[in-house]
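Working notes for the structure below.
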Protein chains: 2
Amino acid sequence: MDEVFRALADGSRRSLLDRLHARNGQTLNELCEGLDMTRQAVTKHLAILEQASLVTTFKHGREKLHYLNPVPIHQIGERWIKKFERGKLAALSDLKRQLEKRDE
Amino acid sequence: MDEVFRALADGSRRSLLDRLHARNGQTLNELCEGLDMTRQAVTKHLAILEQASLVTTFKHGREKLHYLNPVPIHQIGERWIKKFERGKLAALSDLKRQLEKRDE
DNA sequence: ATAATAGGCAACCAAATAGTTGCATGTCAA
DNA sequence: TTGACATGCAACTATTTGGTTGCCTATTAT
């Protein structure tokens with residue numbers, strides 16, 4: 001879980017995930033296109049995404065194909081976001097109360 | 001959005017959010033209790049959470065009260081996680097297909 | 001008034017991060 | 001078979017990050 005959060009912390013990596021979400025199974029070079037970064041930098045980002053199991057790769061000849069693994073993102077939604085969704089209204093009313101108290 | 005992801009990347013910060021989720025409106029010293037970190041380190045983490053609008057603070061005398069702001073977490077769920085939720089099944093079947101192809 | 005308490009500020013440090021360049025390897029096509 | 005293409009590996013660098021220590025300020029309680 002920690003690795004997933006760390007992987008998602010970087011905007012370049014999130015946009016790589018976006019690209020794969022738009023078109024799954026791209027090669028490294030395809031993923032590099034239009035990015036203001038060297039291929040090696042992209043490789044490193046993809047390695048971090050792979051370590052976090054957000055991306056899975058397959059070798060096809062001399063090409064490396066990158067596929068999105070949707071499971072970890074789903075888990076963050078289920079195990080983390082939803083937990084804070086419960087108690088959201090209570091937290092909001094706590095905040096509101098304090099904001100009003102401030103103006104007394 | 002970027003600041004929120006960055007803030008969530010650190011485990012100590014996520015556990016501070018957990019603590020506030022368990023009991024809202026804690027002081028700095030309360031949030032420090034039991035943590036293997038100096039008060040100043042905690043202060044820095046809280047500052048990052050505050051910058052990302054995940055936490056809002058109010059001064060009450062010499063104490064500083066910390067309140068959870070549930071909105072950014074909710075937004076990540078809505079704007080980010082849900083986006084990948086759509087297409088999740090397609091991505092999973094892409095993955096499965098490639099895994100099977102590997103064993104040919 | 002003064003001591004204790006709650007927190008703030010700034011300088012410093014080590015390790016991690018995001019990026020680079022240069023070169024090597026493996027695969028495909030002419 | 002040889003050149004072009006796709007990717008891998010390693011060393012190096014600058015910046016960011018997570019943490020520390022030391023001291024200062026503001027508020028409360030005795």
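Below, chain A is the first sequence line, B the second, and so on; all start at residue 1.
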Hey, which of these two, A/Leu65 or B/His60, hits DNA chain D nearer its 5' end, going by closest nucleotide?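 Counting from the 5' end, the first nearest nucleotide belongs to A/Leu65.
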
Take the protein atom [atom1] of [X] and the nucleotide atom [atom2] of [N], then report the distance between them rounded to whole Å.
{"X": "A/Ile48", "N": "C/dA16", "atom1": "CD1", "atom2": "C1'", "value": "10 Å"}
{"X": "A/Asp36", "N": "C/dG19", "atom1": "CG", "atom2": "P", "value": "10 Å"}
{"X": "B/Gln51", "N": "D/dG18", "atom1": "CD", "atom2": "C1'", "value": "15 Å"}
{"X": "B/Lys44", "N": "C/dG7", "atom1": "NZ", "atom2": "P", "value": "18 Å"}
{"X": "A/Leu46", "N": "D/dG8", "atom1": "CG", "atom2": "C1'", "value": "13 Å"}
{"X": "B/Glu33", "N": "C/dG7", "atom1": "CD", "atom2": "C1'", "value": "15 Å"}
{"X": "B/Gln26", "N": "C/dA6", "atom1": "CD", "atom2": "C1'", "value": "15 Å"}
{"X": "B/Phe5", "N": "D/dT16", "atom1": "CZ", "atom2": "C1'", "value": "20 Å"}

Residue among A/Lys64, A/Arg23, A/Arg39 satisfying salt bridge (Lys or Arg N to Asp or Glu O under 4.0 Å) with A/Glu30: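 Only match with A/Glu30 under salt bridge (Lys or Arg N to Asp or Glu O under 4.0 Å): A/Arg23.
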
Is the shortest side-chain N to carboxylate O distance from B/Glu85 to B/Lys88 below 4.0 Å?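 Here B/Glu85 pairs with B/Lys88 in a salt bridge, since their nearest N and O are under 4.0 Å apart.
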
Quick one: pull up [atom1] in [X] and [atom2] in [Y] and give me the separation to the nearest 0.5 Å.
{"X": "B/Asn69", "Y": "A/Asp94", "atom1": "CG", "atom2": "CG", "value": "11.5 Å"}
{"X": "B/Arg97", "Y": "A/Tyr67", "atom1": "CZ", "atom2": "OH", "value": "7.5 Å"}
{"X": "B/His45", "Y": "B/Leu31", "atom1": "NE2", "atom2": "CG", "value": "12.0 Å"}

Excluding sequence neighbours, so at least two apart, what forms ring pair (Phe, Tyr, Trp, His ring centres under 6.0 Å) with B/His66?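 Testing B/His66 for ring pair (Phe, Tyr, Trp, His ring centres under 6.0 Å), a comparison that skips the adjacent residues, returns none.
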
Which comes earlier along DNA chain C counting from the 5' end, the contact point of A/Gln40 or that of A/Arg13, where each point is its nearest nucleotide?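 That would be A/Arg13.
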
If you restrict it to nitrogen or oxygen atoms, what contacts under 3.5 Å exist between nucleotides 4-6 of chain D and the protein, and what is each distance?
unit_1	atom_1	unit_2	atom_2	d
D/dC5	O2	A/Arg62	NH1	3.0

Which pairs of donor and acceptor atoms, one on a side chain in residues 50-59 of chain B, lie under 3.5 Å apart (sequence neighbours left out)?
unit_1	atom_1	unit_2	atom_2	d
B/Glu50	OE2	B/Thr57	OG1	2.8
B/Gln51	NE2	B/Glu3	OE2	3.4

Is there a side-chain contact between B/His45 and the phosphate of D/dG19, meaning an N or O under 4.0 Å from OP1 or OP2?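 So the side-chain polar atoms of B/His45 do come within 4.0 Å of the phosphate oxygens OP1 or OP2 of D/dG19, strictly under.
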
